[in-house]
Amino acid sequence: MRVIETEDYEAMSLEAASLIAAQIREKPDCVLGLATGSTVIGAYERLQEWHRAGQLCFAGVRTVNLDEYLGLAPEHCQSYHSYMRRRLFDGVDIDPANTFLPDGTAADPWEECRRYDRLLREMGGQDLQLLGLGHNGHIGFNEPGEEFVLPTHVVELAESTVRANSRLFSSVDEVPRRAITMGIGGIMGARRVVVAVSGEDKAEAVELAFAGPVTPRVPASILMLHRDVTLVGDRAALARLPKEMRV
Ligand code: GLP
């Protein structure tokens, strides 16, 4: 695993965006696995800026997102569909037909999971998967549990996740309790993984994930078995990693 430590959130966002931009320049028709959450917003802003400056073209790029809340329609303002439009897609020249997220309103959510895995396979997997990290070590919405769940699946969100994500809703009662998430198999199938972390509130999750045993109790810990992972974090988020891991 490669670790890139930066001074602050802005510099972390720049590094994460640079890795994504390098991927697009290397392979203009690449498949990007994308994440939602607060951490990656700054990176998406940089990508939009570079696009506006004529330095980055998304015309050939296809994207596949990690997850979506069950029950939220794509138009819902808190859906991950609308997050992606707002934070990235509307600001770049990507073809909306080349952007994919699970459908949170599918009549049969489990069938939607199978469709999503088929889609991922047909796309040939992600060239680069961007990830954030939950406070409990989740990636996508793969919550801590007894085993690593490999396929895309319907998940009951952990109480701590519902609480953490409630800051984006007007009340905690509005946060959906279930979601569809790409599984650990889909994430580990990516050829490159970039994990973005920021802030001291993530330091413990970073330590558990990258300096402890590989365990489904900390889903992100599986990434230590991936052969091309870059952890990009600001000083505060990486503070609890052993010194020899930090550069
Ligand atoms: C959400 C998303 C994850 C994201 C995580 C961290 O639950 N499903 O994909 O990585 O939260 O979010 P944040 O960056 O806001 O801390």
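Both backbone and side-chain heavy atoms feed into the values below; hydrogens, waters and symmetry mates do not. Order of appearance sets the numbers: ligands from 1, and atoms from 1 within every ligand.
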Minimum heavy-atom separation for Met12 to Ser198, with atom names?
CE-CB, 3.9 Å
Going by an N to O cut-off under 4.0 Å, is there a salt bridge joining Arg177 and Glu159?
yes
Less than 6.0 angstrom separating the ring centers of Tyr69 and Phe141, yes or no?
yes
Does any non-hydrogen side-chain atom of Gln78 lie less than 4.5 Å from one of Glu174?
no
What I'd like to find out is whether the side chain of His138 reaches to under 4.5 Å of the side chain of Val218, using heavy atoms alone.
no
Counting only heavy atoms and a distance below 4.0 Å, can you name the residues contacting ligand 1?
Thr36, Gly37, Ser38, Thr39, Asp67, Tyr80, Gly132, Leu133, His138, Gly140, Phe141, Asn165, Arg167, Lys202
Distance-only polar pair, side chains of Glu143 and Thr161, donor-acceptor under 3.5 Å
yes
